[in-house]
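In the text below, chain A, chain B and the rest are named by the order of the sequence lines, each starting its count at 1.
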Amino acid sequence: MSENKKKLSLIVFSGTIDKLMPVGILASGAAAAGYEVNVFFTFWGLNSITKKAMEGMQPIDKNYEQFGPVMMQRMKEMNFPMWTQLLEQAKEVGEVKVIACSTTMEFFGIKREDLAPFVDDIAGVATFLDRAEGGITLFI
Amino acid sequence: MAETKVAKTLDAKGLYCPGPVLETAKAIKQINVGEVLEVIATDPAAKPDIEAWARRTGNQILDITQEGGVTKILIKRVK
């Protein structure tokens, strides 16, 4: 099994909650099933894992705006974890690397200490492609 | 099959995907190789998901029973 280790790599570009939820679900499900998981946060995605962004409500895609309050309410009733909690759980159960895009950090003036504690490395596209090679890659 | 000795029971009722799989992955680490984990879940995805999880992680499903929306799965830790 481990000789042929499966790999899932996610490029998280989007910064709206409707796209970030599946990031948490895919990363944690894959990590639990023994996949090596790489999560590369860039642009709006990276913006959503600053400590400041994580304190407040994260925006929802304009197309789904009307469903926002109902969805939040249902998630509360279902006791469903926030996507960042799922990502933290993914790191607990499996092999998960969270990478922050250095260019985006410079672009938005984000410092390492501004980012969520679950970020492992700051790197660029070459590092990501190298890690992702041979596995499944999704652009979210 | 003779009555299986369960080393640990995981109550995953009320958890939704990926909850049951995540908790199963955590719980299996709390028992020894050769021991059996019992998972009880209400998520309809629990059966196919935990079967897939077992295939991927190389653990063995001994038995699955479904009754009234509750799924019980016995998993033997193989590695």
Side-chain angles (χ1 to χ4, degrees), chain A residues 1-10 12 17-39 67 70-98 118 134-136 138 140, chain B residues 7-64 68-79:
Chain A
M1 279 277 163
S2 54
E3 302 83 47
N4 180 26
K5 192 145 201 182
K6 293 276 187 180
K7 196 155 50 174
L8 175 70
S9 302
L10 307 173
V12 187
I17 190 77
D18 45 284
K19 295 244 174 47
L20 294 168
M21 272 307 300
V23 170
I25 294 172
L26 284 164
S28 57
Y35 282 68
E36 180 188 331
V37 180
N38 296 300
V39 191
F67 303 106
V70 176
M71 283 185 61
M72 291 312 284
Q73 181 59 34
R74 275 303 290 149
M75 288 201 9
K76 212 172 256 168
E77 285 164 10
M78 285 168 70
N79 223 348
F80 201 86
M82 279 300 298
W83 72 275
T84 47
Q85 292 174 315
L86 287 172
L87 201 54
E88 280 159 6
Q89 289 199 53
K91 296 191 73 161
E92 254 173 63
V93 299
E95 202 182 319
V96 181
K97 274 265 182 285
V98 176
F118 54 68
I136 302 167
L138 301 176
I140 300 178
Chain B
K8 183 182 170 66
T9 296
L10 168 68
D11 183 0
K13 293 198 293 289
L15 290 180
Y16 302 89
C17 166
V21 167
L22 258 175
E23 296 305 321
T24 299
K26 287 184 201 170
I28 202 89
K29 289 181 184 163
Q30 292 166 17
I31 63 169
N32 296 314
V33 171
E35 287 183 336
V36 174
L37 172 71
E38 178 186 43
V39 180
I40 305 172
T42 47
D43 181 3
K47 179 179 180 285
D49 277 18
I50 290 173
E51 281 173 334
W53 168 86
R55 274 199 302 278
R56 282 248 53 89
T57 56
N59 290 294
Q60 189 190 351
I61 305 262
L62 299 179
D63 190 41
I64 300 182
V70 178
T71 305
K72 272 190 196 177
I73 305 174
L74 294 178
I75 309 159
K76 185 173 173 184
R77 179 169 180 184
V78 175
K79 44 184 264 180

Among residues 7-25 of chain B, which residues come closer than 4.5 Å to chain A, judged by heavy atom distances?
-> B:Gly14, B:Tyr16, B:Cys17, B:Pro18, B:Val21, B:Leu22, B:Glu23, B:Ala25

Please say whether more than 12 non-hydrogen atoms of neighbouring residues, nucleotides or ligands are located less than 6.0 Å from NZ in B:Lys76.
-> no

Chain A-proximal positions within residues 26-50 of chain B [heavy-atom distance under 4.5 Å] = B:Lys26, B:Lys29

Between A:Ser28, A:Gly29, A:Gly24, which has the largest tally of heavy atom pairs under 4.5 Å with chain B?
-> A:Ser28

Is atom CE of A:Met75 surrounded by more than 12 heavy atoms (other residues, nucleotides or ligands) closer than 6.0 Å?
-> yes

Taking everything shown except A:Lys7 itself, do over 12 heavy atoms lie less than 6.0 Å from its NZ?
-> yes

